[in-house]
Amino acid sequence: MTTVGDRATRFARAHHQLFLMPNAWDAGSARVLAARPGTVALGTSSAAAAAVAGRPDGEAIGREAALAAAAAVIGAAGDVPVTVDLEAGFGSTPEQVHETVARALALGAAGVNIEDTDPATGDLRDVGLQTEIVAAAAAAVAGDSPDAVLNARTDVFWNPVGEPAERPGLAAARLARYREAGATCLFVPGVQRTGAELGSVERLLGEIGRAADGVPVNVLASSDLDIDLAALAALGVRRISFGSSLYRAALARALAIVDAVPAGWEALADADALPYGRLAALMAR
């Protein structure tokens with residue numbers, strides 16, 4: 001078994017090239033995804049972890065429950081590094097976010113994710129305050145686990161903010177501030193939406209890449225991203241995370257199977273489920 005520092009170092013080095021990062025939502029999903037050949041690292045998903053607890057996304061789960069969910073994933077993932085989605089940091093001040101990040105790192109997280117949407121309002125935080133928050137998170141990383149990856153997320157495209165033509169500049173400016181504050185990865189979920197509206201996702205990602213100035217870029221897997229992995233890598237993208245999509249896909253498949261059974265038991269035969277024996281073996285590890 002490797003140490004926490006070893007996993008953080010390995011996770012940081014993984015960002016030298018493009019990799020896929022599935023997001024787990026509990027100990028069982030973490031074991032299954034970690035056992036997948038080729039899995040480099042796992043992320044947690046705030047939306048999925050909250051849903052497992054019967055709560056909506058947006059920090060409704062509370063810091064203690066969120067950290068407990070993260071601890072379960074980290075413990076089940078074994079030697080596979082785990083980065084923890086801390087939403088907006090479960091705090092409204094840099095000091096509170098510093099504490100949240102430090103506690104996540106103490107659990108063994110190889111990285112953390114901090115976003116710039118204020119859960120109390122649903123709007124983007126003031127960029128000055130958010131920059132201070134990112135700096136506080138970076139200070140926690142430097143003090144507790146220097147190789148851990150601090151992923152700073154902007155929701156300019158995700159919310160979205162302003163007119164499509166304004167968003168690239170707004171996002172680039174925010175990401176540049178977060179990079180200067182100590183972020184070591186920059187996350188731009190929803191970039192494909194504005195890119196499609198403006199006519200070129202690749203051109204938009206190029207602008208984001210210039211703002212990142214060599215810092216790895218994280219994008220969200222999406223059916224409408226419509227750019228191959230080699231092109232994404234050339235634009236500075238180094239990791240592709242899945243957010244809550246895997247959890248939501250599992251729920252959708254479960255509903256579809258149950259709805260199909262009245263027409264015949266064949267729905268269960270076609271479920272393409274993980275074999276019971278394989279599941280039992282993974283959980284017994």
Side-chain angles (χ1 to χ4, degrees), residues 1-53 61 65-87 101 103-113 141 144-145 147-151 184-185 187 189 216 218-221 229 237-254 271-285:
M1 180 72 71
T2 57
T3 67
V4 172
D6 291 337
R7 292 195 294 276
T9 300
R10 189 152 32 90
F11 184 49
R13 289 175 178 167
H15 291 76
H16 293 170
Q17 58 189 12
L18 180 66
F19 66 99
L20 300 178
M21 189 181 74
N23 295 74
W25 52 89
D26 59 9
S29 61
R31 285 200 178 183
V32 171
L33 292 169
R36 168 188 163 271
T39 294
V40 172
L42 297 178
T44 64
S45 163
S46 65
V52 167
I61 192 174
L67 290 172
V73 171
I74 292 168
D79 283 345
V80 174
V82 175
T83 183
V84 176
D85 181 358
L86 293 175
E87 303 193 57
V101 171
R103 289 184 61 184
L105 295 172
L107 294 173
V112 295
N113 179 79
V141 169
D144 295 326
S145 183
D147 284 339
V149 176
L150 172 56
N151 194 41
T184 50
C185 190
F187 187 17
N218 178 188
V219 298
L220 191 66
L229 297 185
V237 176
R238 292 294 177 265
R239 91 186 192 201
I240 301 174
S241 52
F242 288 75
S244 63
S245 63
L246 301 180
Y247 174 71
R248 290 183 288 109
L251 292 182
R253 186 63 178 140
D272 197 24
L274 189 70
Y276 178 85
R278 173 65 172 154
L279 176 66
L282 287 170
M283 296 308 115
R285 292 176 63 176

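In this chain, residues are counted from 1 in sequence order.
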Closest heavy-atom pair and its distance - [X], [Y]:
X: F11; Y: P81; value: CB-CB, 3.8 Å
X: R7; Y: T2; value: NH1-O, 2.9 Å
X: A77; Y: V82; value: CB-CG2, 3.5 Å

Quiz item: Does atom CZ of R13 have more than 12 heavy-atom neighbours from other groups under 6.0 Å away?
Solution: no
For residues 276-285, dump all side-chain donor-acceptor pairs below 3.5 Å to protein atoms at least two apart in sequence or in another chain.
none

How many angstroms lie between [atom1] in [X] and [atom2] in [Y], if you round to the nearest 0.5 Å?
X: R238; Y: L18; atom1: CZ; atom2: CG; answer: 7.0 Å
X: L42; Y: T83; atom1: CG; atom2: OG1; answer: 10.5 Å
X: R239; Y: L220; atom1: CZ; atom2: CG; answer: 11.5 Å

Are any of the side-chain heavy atoms of [X] and [Y] separated by less than 4.5 Å?
X: V149; Y: H15; answer: yes
X: P189; Y: V219; answer: no
X: F242; Y: L20; answer: yes
X: F19; Y: Q17; answer: no
X: I240; Y: N218; answer: no

Measure from the side-chain N and O atoms of [X] to the backbone N and O of [Y], and report whether any donor-acceptor pair falls under 3.5 Å.
X: T9; Y: D147; result: no
X: N151; Y: V112; result: no
X: S29; Y: A24; result: no
X: R10; Y: D79; result: yes
X: T39; Y: A34; result: no

Quiz item: For R248, what residues pass the side-chain hydrogen bond (donor to acceptor under 3.5 Å, both in side chains) criterion, not counting sequence neighbours?
Solution: S244
Self-check item: Test side-chain hydrogen bond (donor to acceptor under 3.5 Å, both in side chains) applied to N23 - qualifying residues, sequence neighbours left out
Solution: none
Would you list the atom pairs, donor with acceptor, under 3.5 Å between side chains in residues 45-52 and any protein atom, with sequence neighbours excluded?
unit_1, atom_1, unit_2, atom_2, d
S45, OG, A48, N, 3.1
S46, OG, D57, OD1, 3.0
S46, OG, D85, OD2, 3.0

Self-check item: Qualifying residues under side-chain contact (heavy atoms from CB on, under 4.5 Å), relative to S145, sequence neighbours excluded
Solution: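 Once residues adjacent in sequence are excluded, the partners of S145 under the side-chain contact (heavy atoms from CB on, under 4.5 Å) criterion are A8, L105, A148.
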Quiz item: Who are the side-chain contact (heavy atoms from CB on, under 4.5 Å) partners of L107, not counting sequence neighbours?
Solution: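 L107: side-chain contact (heavy atoms from CB on, under 4.5 Å) contacts with L67, A71, I74.
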Self-check item: Given V84, D26, L86, the one that forms side-chain contact (heavy atoms from CB on, under 4.5 Å) with T44
Solution: V84
